[in-house]
Structures are given as C-alpha cells and as structure tokens.
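No hydrogens, no waters, no symmetry mates; every other heavy atom, side chains included, goes into these values. The structure displayed is predicted, hence computed values, not measured ones. All chains are named by letter (A, B, ...) in the order of the sequence lines, taking the proteins before the strands, and each is independently numbered beginning at 1.
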Number of protein chains: 2
Amino acid sequence: METTQRTDQRAEQQSAAERRRRELLEAADRVVLRDGPGASMNAIAAEAGITKPILYRHFGDKGGLYAALATRHTDALLASLRAALDAPAERRERVEATLDTYLAAIEARPQVYRFLMHPAEGSPGDSGFDVGRHSAPLLRRMGEELAEVIEERVDLGPGSQQLARVWGHGIVGMMHAAGDWWLGERPCTRPELVRGLADLLWGRLAAAGDKVGGPGF
Amino acid sequence: METTQRTDQRAEQQSAAERRRRELLEAADRVVLRDGPGASMNAIAAEAGITKPILYRHFGDKGGLYAALATRHTDALLASLRAALDAPAERRERVEATLDTYLAAIEARPQVYRFLMHPAEGSPGDSGFDVGRHSAPLLRRMGEELAEVIEERVDLGPGSQQLARVWGHGIVGMMHAAGDWWLGERPCTRPELVRGLADLLWGRLAAAGDKVGGPGF
DNA sequence: GACTCTCGTTACCGCAAGTAACATATGCAG
DNA sequence: CTGCATATGTTACTTGCGGTAACGAGAGTC
C-alpha cells in the first residue's frame, strides 16, 4: 500500500531526524562545555562533523539551538529538584535536600551551570531580543515549580497563591545567587552553606538580637 | 613660570578629557537606554557625534565602556540602598525600606536594570571572558554590602562573619530574582511584594502549618 | 619653521551569524 | 530508463560588529 509505505517512510525519516537532532545536541553540548557559552556555530558544526547550514535547518538560529540545549539540562535539573522537593519528609529536611541538590548540581558541572545562567545575549543585527531566553526561563521555571509545591503543601491563608509565587521566585533567587557566589569563592563547605540558607529561611534573621557590644556604640 | 603653565595646561586637559568622558558616557547611556544592552559601538559613537576609535581611546574596549557605565549606575543604586539600610529604624522596617528602594529603582528604569543585570557577554575572538563583568559585580557588591551591615548590626553568634555573607548574598539574590519576575509579570503591587518577601525573611515559612485539607489527602 | 600632543577621521581586518544556490542520494510514478 | 519530489549535504556569499592602523588638522613650545 502506498499510504502505509509513505507513512513508514515518513516515520522513519522523522525518527532519523530526531536521532540526528539528538546527535547534534550532544555535539553542541561537548563544545559548549569545552568552550563556554561563547561557542560558535562553526565550532559546533565541526564537532558534529557537518557544516553550519544543517544546524540552521534543524534549530532555526543560534537561539533555537541554545534553547534546545538549555531545555535538556533544565529538564534534568528540574527533575532532581522535584524529587528532593516531593520527598516524604519534614519540611525543613526537604528544604535542605533541595538546596543541597541544586548546589551539588552546579558544583558538579559548573560549565553547564554557567551556560544556563549566563548565556551570551549577543544581538546580531537589529533584533536584539530573539536570542538568549535561557537564563530567565530556568530561574522562572524553578520559581514556578517551587511556588506550586509551596502552594499545595503549605497553609498560607488568604492570598496564598500569590504569596507562594513570590516566595517561590524569591527562594529560587536566593539559592541561585548564594550558589553563584559560593561557586566563585568557595568560602565554606556545601553543608555549611545549606545550613546557613535554611537558617535564613527559618527566620533566624528575625530571631537574632541586635549587636550592642560593638566598638563605641 | 613654565612648570605652573604646564601644570595648568595638563590639569585643564585632564579636566577637559574627563568632561569629554562624561559626555561620552551620557551618550552611551542614552543609546543603551534606547536600544537595550545590545547597543553597538557605532551607534554610541554616532549618538555622541563622533566615531568609534575615540570611544576606544577613552575606554579601551567595549567591556571598558560598559564597565564605566555600569559603575555609574551601580554606585548610584548602592548609595540609595545604603541609605535605606543604615536608617535609624527597626530592623524589619529597614529591611522593607531596602527592598522597596531596590524595587522602586528597577521599576523606574527597567532598561538600566536590564543592562546591569543581563549584559551581553559576547566573546569576540578567542578571549571569551574579557568582556562583561557587570552583572556579577552589581549583585556581588550588593551582597557584600548587605553582609557588612548584617555582620555589624546583627548578633549571630560564632561564625557570624561567614553566615552574614551567606545571608547577604542570599537575600540580595532573593530580592533580585523576585524583582525580575515581578517586573516581567506585574502580578501584584510593589508594597505587596515587599511585604511578602519580608514575611518570608521573617520566618513565616517555618511558622506556617501544613496544608491538610487538600483534595484527596 | 620644526616638534609634539591630542582630537578626529577614513579605511581596513578578522570573525561570527545567517542565507542562497548548488550538488547528490533515494524512492516512487509513468 | 526517465522524470520528479524530498531530505541531506556542500561551498560561497552577505551583512554587521568589535577592534585597529594609518593618516590629517589644530594648538602650544622651542
């Protein structure tokens, strides 16, 4: 039958194209991990053993490729975070596990992290904003996910949904900034950082007393 | 006297050069505010009524110009924040004032904010990291300043310095991410956001009860 | 008048993003 | 076997940007 044949062919080609896409993404991954976020399309194409136009046929433009790449890693990271977040444990324990999961991830693959968070936003031509929608998406998605979990598990009274979103994004930002700083300076061990942040979230800032024994005051 | 003459001349030229530099920076500011962080050197030079090489003579490279630009705004913002942070008021009031100051600033000039936080890290040639050291510096500086204030005014017991830095960077990150999200979606008013974040810092996450009345659980 | 110093220009290089046009293999209709 | 449609791949090009070299003009100094 012609139709089935055509369908089979289509399907085969589709899957072949998807396999190809995966290969290209893995090649791009290697290059980005090696050269940082500034990796050029030529370099990626060379690593994949092909030339530029094929990349463009598959991903549209550089932003598309980067978005596809970012989505892969983002999905992976979000899955681990969700696991830590949904564990059947005490709230504080879950918070600490989530923080630790995130920090362990960025510690294990700082290049990936840098790519996801500090991508090149070079705007070629006059467009200016069609490229580089990666760093925001990851933080946003993490914030939204956390907001969901908060909203469905913590009793916040009226206006809980809005408050949960504020907290979700706020906590994610706290985790992100502290992690970025920690990764750069390594001022303490990971458990120490986790504990410090959890203490902050647990209201130690409000509970601590004023310092009065200071010099001359 | 020749020396005084030469000195006067030198000083005059120095001040003239500095005035020029200020003019150039203001022109660059206008362009960046109009075209976003992807503004080209050509565009900036045109806005200033001159051509590229002069910009390069003054600022070295694009990174230099952006750094100078960023420093201006960063200094201004840090000054306001320090004022709010050092006000003679209750701790919670100070925290809310600081949050509000920051949010008001990014609300008033979102383009400046975007430039400071999401700069183009385009790596020309093989260098890759000589350009674009702006976004990290602002967050880092804010984090360090906040850490100082915390350390000198809050009694945190042993290990206070390290803990203060963790908190400083964490709180700044929380403020930043929440502000970024809020600026994009405008899900609530500024005072609501301030209050939500302050509540988070005040331990409401730990104090809130579990939600048990959910569907099927 | 020759020297130098700063401000300014035009014209160029290198490089990267993105595109157009061409080449080739494969499967199917007649 | 010939036509043709489709996906895959190539070379060669255009455009635009960051950055630089080489040159020119005014002003003070000896």
Side-chain angles (χ1 to χ4, degrees), chain A residues 1-21 23-24 28 31-32 35-46 48-66 119-128 130-132, chain B residues 1-21 23-24 28 31 35-46 48-66 119-132:
Chain A
M1 287 193 276
E2 48 187 355
T3 62
T4 51
Q5 278 179 354
R6 243 200 336 241
T7 309
D8 285 1
Q9 184 187 338
R10 278 274 174 82
E12 210 173 280
Q13 281 173 3
Q14 184 102 355
S15 84
E18 295 227 346
R19 273 210 325 270
R20 198 86 183 96
R21 190 184 160 97
E23 288 175 23
L24 297 186
V31 176
V32 166
D35 296 356
S40 82
M41 294 297 266
N42 256 327
I44 295 174
I50 51 159
T51 49
K52 266 193 304 178
I54 304 185
L55 284 181
Y56 283 94
R57 282 225 261 268
H58 274 273
F59 301 103
D61 64 348
K62 189 170 186 165
L65 201 172
Y66 275 40
E121 287 194 6
S123 56
D126 42 347
S127 56
D130 53 350
V131 180
Chain B
M1 289 195 278
E2 47 187 356
T3 61
T4 50
Q5 277 177 355
R6 246 204 329 245
T7 309
D8 286 1
Q9 184 187 338
R10 276 276 174 82
E12 211 173 280
Q13 281 172 4
Q14 183 102 356
S15 84
E18 295 228 346
R19 273 211 325 270
R20 198 87 183 95
R21 191 185 159 97
E23 288 176 24
L24 297 185
V31 177
D35 297 355
S40 81
M41 295 297 266
N42 257 326
I44 295 174
I50 51 159
T51 49
K52 269 193 301 178
I54 304 185
L55 284 181
Y56 284 94
R57 282 226 259 267
H58 273 273
F59 301 102
D61 63 349
K62 190 172 185 164
L65 201 172
Y66 275 39
E121 286 195 7
S123 56
D126 42 347
S127 57
F129 280 128
D130 53 351
V131 179

Check this one for me: any side-chain N or O of B:R19 less than 4.0 Å away from OP1 or OP2 of C:dC7?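 For C:dC7, neither OP1 nor OP2 has a side-chain N or O of B:R19 closer than 4.0 Å.
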From [options], pick the nucleotide closest to the side chain of [X]?
| X | options | answer |
| --- | --- | --- |
| A:P53 | D:dG18, C:dA16, D:dT10 | D:dT10 |
| B:K52 | D:dG18, D:dG9, C:dG18 | D:dG18 |
| B:Y56 | C:dA17, C:dT9, D:dG19 | D:dG19 |

To the nearest Å, give me how far apart OH (B:Y66) and P (D:dC17) are.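 Value for this atom pair: 11 Å.
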Whole Å only: how far is the CG atom of B:D61 from the P atom of C:dG14?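 Going from CG in B:D61 over to P in C:dG14 covers 20 Å.
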Polar side-chain contact B:K62-D:dG19 base: donor and acceptor under 3.5 Å: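 A donor-acceptor contact between them is absent.
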Would you indicate what B:T51 reaches in the nucleic acid, counting non-hydrogen atoms under 4.0 angstrom: base, sugar-phosphate, or nothing?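 B:T51: base contact, heavy atoms under 4.0 Å.
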State, with a plain yes or no, whether a side-chain heavy atom of A:I50 is found less than 4.5 Å away from one of A:E23.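 Of all side-chain heavy-atom pairs linking A:E23 with A:I50, none is under 4.5 Å.
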Minimum side-chain heavy-atom gap A:I54-A:R20 below 4.5 Å: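 Counting from C-beta outward, A:I54 and A:R20 never come under 4.5 Å.
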So, taking the atom named NE2 in B:H58 and the one named CD in B:E18, what distance separates them when rounded to the nearest 0.5 Å?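 Rounded to the nearest 0.5 Å, the NE2-CD separation comes to 10.5 Å.
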Between atom NZ of B:K52 and atom CG of B:L55, what is the distance when rounded to the nearest 0.5 Å?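 Separation between the atoms: 9.5 Å.
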Quick one: on DNA chain D, does A:G49 or B:R57 contact a more 5' nucleotide (nearest heavy atom)?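 First, find each residue's nearest nucleotide; the 5'-ward one identifies A:G49.
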